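Following: one structure in structure tokens, then a few remarks.
All values derive from a computational prediction rather than experimental measurement.
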Amino acid sequence: MTQAGGPQYPEPTGPVPPQAGMPVPPAATPKKPKNPKNPKRRQKIVLTVFLVVVAAILALVWVATRSNGENAQVGDCVTESGENYVKIVDCGDSGATLKVVARVEDKTQTEAQVSACNAYPDADQVFWEGKEGETGVVLCLAKTGK
């Protein structure tokens, strides 16, 4: 394009080069690559925390259920703790009113009441633990005299 009476300049066809005195923007600095160990370290930390939480839950369940009657073995002492429930106690405890003379596995509730402890003449009581309609554990119990 030309103007009458003034200097004529060619039309630019490409990018305009920077003019003297104009600041040049700094070249983009490359970002530092992230430490490749960080994601693995984070995964290890998360896994460790998860395993600690799971271990704590399992420990609490074990502590809460270790005195359940279903865990009683021959020679353990128990006390009645509510209807159809016994709790393992120390044999020196004043609450130790019953002693396990036999433990019979895989018996239904009916078998427990009828014949599971017939082979144990010392047994005064029968305790059955299981799901109704399935087999469970029978404890043949004798009074301790306390």
Measure the spacing between [atom1] of [X] and [atom2] of [Y] and express it to the nearest 0.5 Å.
X      : Y      : atom1 : atom2 : value
Leu98  : Lys87  : CG    : NZ    : 14.5 Å
Thr135 : Asp106 : OG1   : CG    : 4.5 Å
Lys40  : Gln43  : NZ    : CD    : 6.0 Å
Cys77  : Asp90  : SG    : CG    : 7.5 Å

Count I, L, V, M, F, W, Y as connected when their side-chain heavy atoms are under 4.5 Å apart, and connections chain through other members. Are [X] and [Y] then in the same cluster?
X      : Y      : value
Leu139 : Ile88  : yes
Val126 : Leu141 : no
Phe127 : Val137 : yes
Val46  : Ile57  : no

Checklist entry - Does Glu105 come within less than 4.0 Å of Lys107, counting only side-chain N to carboxylate O? => result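 Not counted as a salt bridge, because no side-chain N and carboxylate O are separated by less than 4.0 Å.
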Checklist entry - Within the side chain of Thr144, is there an N or O that forms a donor-acceptor pair under 3.5 Å with the backbone of Thr97? => result yes
Checklist entry - Is there a donor-acceptor contact under 3.5 Å from the side chain of Arg103 to the main chain of Ala72? => result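 Pair found, side chain donor or acceptor close to backbone of Ala72.
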Under 3.5 Å donor-acceptor pairs involving side-chain atoms of residues 109-124, not counting sequence neighbours:
| from | atom 1 | to | atom 2 | distance (Å) |
| --- | --- | --- | --- | --- |
| Glu111 | OE1 | Thr108 | N | 2.8 |
| Glu111 | OE1 | Thr108 | OG1 | 3.4 |
| Asp124 | OD2 | Lys143 | N | 2.9 |

